[in-house]
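Atoms within each ligand, like the ligands themselves, are counted from 1 in listed order. This is a predicted model, so every value here is computed, not measured.
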Amino acid sequence: MADAVLGIIGGSGIYDLPGLENSEWISVESPWGEPSDQVRVGSIEGLKIVFLPRHGRGHVYSPTTINYRANIDVMKRCGVTDLLSVSACGSLKEEHAPGTFVLVDQFIDRTIAREKSFFGTGCVAHVSMATPVSPKLVEAVAAAAEAEDLAYSKGGTYLAMEGPQFSSLAESHLYRTWGCDVIGMTNMPEAKLAREAEICYATIAMVTDYDSWHPDHGEVDIQAIIKVLHDNAENAQRLVARVARDLPRQHQSCPAGSDTALEFAFMTAPEKRDPALVAKLDAVAGRVLNRPS
Ligand SMILES: CSC[C@H]1O[C@H](OP(=O)(O)O)[C@H](O)[C@@H]1O
Ligand SMILES: Nc1ncnc2[nH]cnc12
């Protein structure tokens, strides 16, 4: 097994990761275009860490304009084996109060205006998303939350909406009837692309508000969200640092098949593959596409 490398994609309110040893911001080029920012590369007790602010420093990119493919490609180029998303979200259930970390295990993708796959004409591939998060990574986060005495909830469904506007009351009620736990705007297609890139993925969904459905809470208010984010940023950073300290230094093979997702995924016959697309896939799919036959 290879050395583990922990990637962290910081969401709203998380634009840097203090506490890394020997760290520096570096630029990593991607054939998929501009990533959200440079990455901060460093280590925690010998574990390599690669941090990327999802919206860029200064919150430049909206959920729709983030180049998710470039971000995941850059993580892969940096050797990331395990990727943690730290994301602000609204709560769709009474029990997920603001300040709680929900370790989701399912997603419903309602986004409509994003590039969702590395593959396409000239190199078609299909991966399973039945189990979209890596169970071992979720366990590692849950253990870290226990150790740090942080309020968390294990399991749950994240509804990914396009945004940037928040949901209408009718939408918020609808997603509750679907059994969703939290709502956000960014974890899809990120989780799909991580799976295509054979990277283990898990989400720490930081609840910031009750979306619009709760009779005792008003409409979603960005100022209130920013305050909750601000109050919880230190907890999120403590949680991530604990995961890093305790994560096994050898990457553990994924029971959900994240690290072998492409093994039998390709449909396009080798002689029909588009060489330009195959070249762009060097990092994401080189393990399978460029294997000597
Ligand atoms: C600041 S509220 C809306 C914004 O926050 C979440 O982003 P992220 O997942 O990157 O923390 C949500 O999805 C919206 O993009
Ligand atoms: N209520 C909400 N809906 C969508 N994204 C969010 N991010 C934080 N709160 C949210």
Centre of Y15's six-membered ring, under 6.0 Å away, within 45 degrees of the axis: is that where NZ or CZ of R54 sits? no

Note: K48-D3 ion pair, threshold 4.0 Å (strictly below): no

Look only at the side chain of N232 and the backbone of V228, and say whether a donor-acceptor pair between them is shorter than 3.5 Å. yes

Taking 4.0 Å as the limit for heavy-atom contacts, which would you say applies to R54 with ligand 1: side chain only, backbone only, both, or neither? side chain

Salt-bridge test for E162 and R110: reply yes if a basic N is under 4.0 Å from a carboxylate O, no otherwise. no

Nearest non-hydrogen protein atom to atom 10 (C) of ligand 2, with distance, is G90 N, 3.4 Å

Is the closest heavy atom of V220 to ligand 1 under 4.0 Å? no

I'd like the name of whichever of T186, V228, D209 reaches closest to atom 9 (O) of ligand 1 through any heavy atom. T186

Thinking salt bridges, do K280 and D73 make one under a 4.0 Å N-O criterion? no

Contact region, S87 to ligand 1, non-hydrogen atoms below 4.0 Å, reads both

So is G163 in contact with ligand 1, going by heavy-atom distances below 4.0 Å? no

Proximity to ligand 1 by part of M206, non-hydrogen separation under 4.0 Å: neither

Among P63, G163, P164, A88, closest by any non-hydrogen atom to atom 7 (N) of ligand 2: A88

M161-ligand 2 polar pair, N/O distance under 3.5 Å: no

Within the 4.0 Å heavy-atom cut-off, what I226 brings close to ligand 1 is neither

Do other residues, nucleotides or ligands put more than 12 heavy atoms under 6.0 Å from the CD atom of E34? no

